[in-house]
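Reading through the structure tokens given below for one structure.
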Amino acid sequence: MKFFKRLAAGVSALALCAGMTVSGFVPVNAADDNNDDWLHAVGSRLYDKDGNEVWLTGANWFGFNCSENCAHGMYAADCDAFLQSVANHGINIIRMPISTELLCSWMNGEPNPVQSVQASYEPPVDQVGEDGTVTKAGTYGNINKDFVESDGKTLKNSLEIFDAMMKKMKQYGLKVLVDVHSPTAHNSGHNYNLWYYNAECEAADTMAITEGGHEVTYQEWIDSITWLAERYANDDTILAYDLKNEPHGKRGYDGTTCPSGIARWDDSKVENNWAYAATECGNSILNVNPNALILIEGVEQYPKTDKGATYDTADIWQAPADVSPWYGAWWGGNLRGVKDYPIDFGDAKKNSQIVYSPHDYGPSVYEQTWFNKEFDTQSLLDDYWYDTWAYINDKDIAPLLIGEWGGHMDGGKNEKWMTLLRDYMIDNHINHTFWCLNPNSGDTGGLLGYDFTTWDEEKYGLFEPSLWQTTDGTYIGLDHAHKLGDSGLTVAEFYASGASSNLDAGGKSDPVEIETKPAEETSETETVKETESEPPASSETESETADTSASDTMLGDVDENKAINILDVIALNRNLLGKDVLTESQKKAADVNNSGTPDSGDSLAILKYIVGIIKDFSEA
């Protein structure tokens, strides 16, 4: 339900403005033995291979679904610093929207080019000048170095960048949920009803046809996400696949047959029957990766079957709720069909991978009827939540994961709704991914500022209690070998410690044997040329002040504005590149590692301080 404010191609990195150097992060190396973190369901709960209950508590990071063909924010932030900060803030899984068009380009060996990504490592190797002076590799550019070729400046293709991101996720203890968000790479593609081209759909010719004029087919939707699942079948970084974001469409008021351009949920075998399509796609994925979780969203409308209505029943214009033959919901939020037509993959093992995934939003997105009163948890359950999706958890049918929830901090109804839903998910152990990390979601905003570094502390403060954590506030990851961020726990460490957590009573199921498949070699893919963009206007965000020296100089406050933020990194880097001159007092503030002269090590230390990797400069 988000209406993205598209990032213009003219927006570039704060990092580029300054020639930012971000070095010192350990590169991620691929591992072949990544099959110890797969999950399965028993009733409404999720368990690891050892039978320990887990809780998926994360956030969305969009961009691979958009025309940029890459997760947003890499125009401003270094991916390592970004993911480290996300993990340090307790998020243990990231839902990553993607387009079928991009997946098909990967599957066909011709990856779509990326835009709005800043990456460099210049010079790519140490250089010795005529006077013997050594210029270290990365001195003039060291941001997202794993996204460029060996020359230090040619941008890698979208698949190579995605693979590099998955390796980094592993290092920081993060897991990934891939969401097929739209048929084509389109910044508003979520508005399209279906998962393939259908001429009856509104905007089919703009949102389901590629720029090259290709109509995205039903089979391509299945084949491309299956291809990715097989590619990662022996890498449990990607734990789950959300088959399609927000299937929707209204029945309309005319005719005696269901239009083919809306998402329905019944026992028909037609391509726009979401229950049928999800069963086919989920089976296809599980045939190549039997350990993946399959997330299935709902639809928008469901007929009142208890009153004889079907998808062929026309709606009634302006009918009151008790007269209308339809139950409405948020896009992708209506899972009433599960009680009548549950998803069945054909055997118990496959069915244990099913997770139902509704979306839920507040009045800042749309003033639904259930908000037109002094609502509380019980009224939301009575008017909407319970019969639409909450019964699935309550009746122990399958796990739920609220794939999108979030919104603006308005100090009023929307904030009240967010708090009520948050507490309900905590109390009932419902998995969830908050919408979103990105700041550029128009009707919700995000957890981060446009530098993709600064956190909205007020919104994060509302969200944070819903993250899986021990009673003393230590965050718990989903990986058995890699701890979550700098100080979080692996799931193995948590259960070995005997600590308690906010996962209600906890639980235990029988251990399961992980089924693995032989790994296959991946083919080479073409590289694409680097794109150019323009620097954005800077915005200042205050952070905590650092320790000061015996004088009035505040270490790290390079621009001397009594706050330490990304502008200080920019000021220092511009000096290191010879673009600006620092005063003596600014040099003292910049020399946080006390080496006597400001250098790239100071720039890195200030950046680490801003994102919370270090608490004071004595750790630099």
Side-chain angles (χ1 to χ4, degrees), residues 1-9 62-70 72 97-108 110-116 158 179-225 227 242-255 257-265 268 270-274 276-278 280-281 297-301 311 314-315 330-332 359 366 440-443 528 531:
M1 299 301 297
K2 291 80 32 223
F3 299 95
F4 301 146
K5 290 182 178 176
R6 180 175 178 175
L7 286 177
F62 66 80
F64 276 107
N65 56 305
C66 297
S67 58
E68 292 84 3
N69 293 311
C70 186
H72 287 179
I98 200 166
S99 72
T100 294
E101 177 185 355
L102 183 60
L103 288 171
C104 284
S105 78
W106 295 353
M107 179 176 67
N108 297 330
E110 298 177 347
N112 284 354
V114 301
Q115 299 178 38
S116 297
S158 52
D179 147 51
V180 181
H181 212 70
S182 54
T184 60
H186 195 295
N187 293 56
S188 296
H190 59 285
N191 289 311
Y192 184 72
N193 292 7
L194 301 178
W195 40 101
Y196 62 97
Y197 177 85
N198 182 302
E200 283 199 21
C201 288
E202 186 179 353
D205 291 339
T206 57
M207 294 185 182
I209 297 180
T210 68
E211 287 188 2
H214 176 73
E215 299 174 356
V216 176
T217 69
Y218 178 92
Q219 196 59 48
E220 285 173 331
W221 162 65
I222 293 176
D223 290 346
S224 59
I225 191 62
W227 174 87
D242 187 338
L243 303 183
K244 173 63 178 75
N245 179 72
E246 297 181 352
H248 64 276
K250 290 184 171 67
R251 166 60 181 84
Y253 306 101
D254 302 317
T257 59
C258 179
S260 66
I262 71 166
R264 58 196 289 175
W265 188 304
S268 63
V270 292
E271 290 183 344
N272 68 312
N273 176 12
W274 177 232
Y276 170 74
E280 283 207 315
C281 188
E297 299 189 27
V299 292
E300 182 180 2
Q301 285 190 325
Y311 274 94
D315 204 352
W330 293 109
W331 292 356
H359 292 181
Y366 186 79
N440 53 311
S441 177
D443 56 359
V528 297
T531 57

- [ ] Step by step, work out the salt bridge (Lys or Arg N to Asp or Glu O under 4.0 Å) result for K244 and E297.
- [x] CA-CA 7 Å; K244 173 63 178 75; E297 299 189 27; over 6 Å; no

TODO: Give a yes or no on this: more than 12 heavy atoms of other residues, nucleotides or ligands lie within 6.0 Å of atom CD of E200.
DONE: yes

Open item on the list: Other residues, nucleotides and ligands only: do more than 12 of their heavy atoms fall within 6.0 Å of CD on E202?
Closed with: no

Open item on the list: How close do C201 and L194 get, counting heavy atoms only, and between which atoms?
Closed with: SG-CD1, 3.4 Å

Task: Distance in Å, Y276 OH paired with E271 CD, rounded so as to fall on 0.5 Å steps - done: 7.5 Å

- [ ] Step by step, work out the side-chain contact (heavy atoms from CB on, under 4.5 Å) result for W106 and I98.
- [x] CA-CA 12 Å; W106 295 353; I98 200 166; 3.6 Å; yes

Task: H186 side, atom NE2; E101 side, atom CD - distance, nearest 0.5 Å - done: 10.0 Å

Open item on the list: Just to verify, what does F64 make a ring-ring contact (aromatic ring centres under 6.0 Å, His included) with, not counting sequence neighbours?
Closed with: F162

Task: Interatomic spacing from NE2 in H359 to CH2 in W331 - rounded to 0.5 Å - done: 12.0 Å

Open item on the list: Looking at G249, is its backbone amide N or carbonyl O close enough to the side chain of E300 to form a donor-acceptor pair, meaning the two atoms are under 3.5 Å apart?
Closed with: yes

Open item on the list: Using the side chain to side chain contact (heavy atoms under 4.5 Å, CB included) definition, which of the options V114, N65, N112 pairs with L102?
Closed with: N112

Task: S67 and N187: side chain donor to acceptor below 3.5 Å - done: yes

Open item on the list: So, taking the atom named CD in E246 and the one named CG in N191, what distance separates them when rounded to the nearest 0.5 Å?
Closed with: 9.0 Å

Open item on the list: side-chain contact (heavy atoms from CB on, under 4.5 Å) for N272 and R264? Distances and angles first, verdict last.
Closed with: CA-CA 6 Å; N272 68 312; R264 58 196 289 175; 3.7 Å; yes

- [ ] Measure the spacing between OG of S99 and CE of M207 and express it to the nearest 0.5 Å.
- [x] 13.5 Å

Task: Given D205, T217, T184, the one that forms side chain to side chain donor-acceptor pair (under 3.5 Å) with Y197 - done: D205

TODO: Only counting residues at least two apart or in another chain, list the ones meeting ring-ring contact (aromatic ring centres under 6.0 Å, His included) with Y196.
DONE: Y218

Open item on the list: For W195 and W221, take the angle between the two ring planes, folded into 0 to 90°, and tell me which bin it lands in: parallel under 30, tilted 30 to 60, perpendicular over 60.
Closed with: tilted

- [ ] Quick one: pull up NE2 in H181 and SG in C66 and give me the separation to the nearest 0.5 Å.
- [x] 7.5 Å

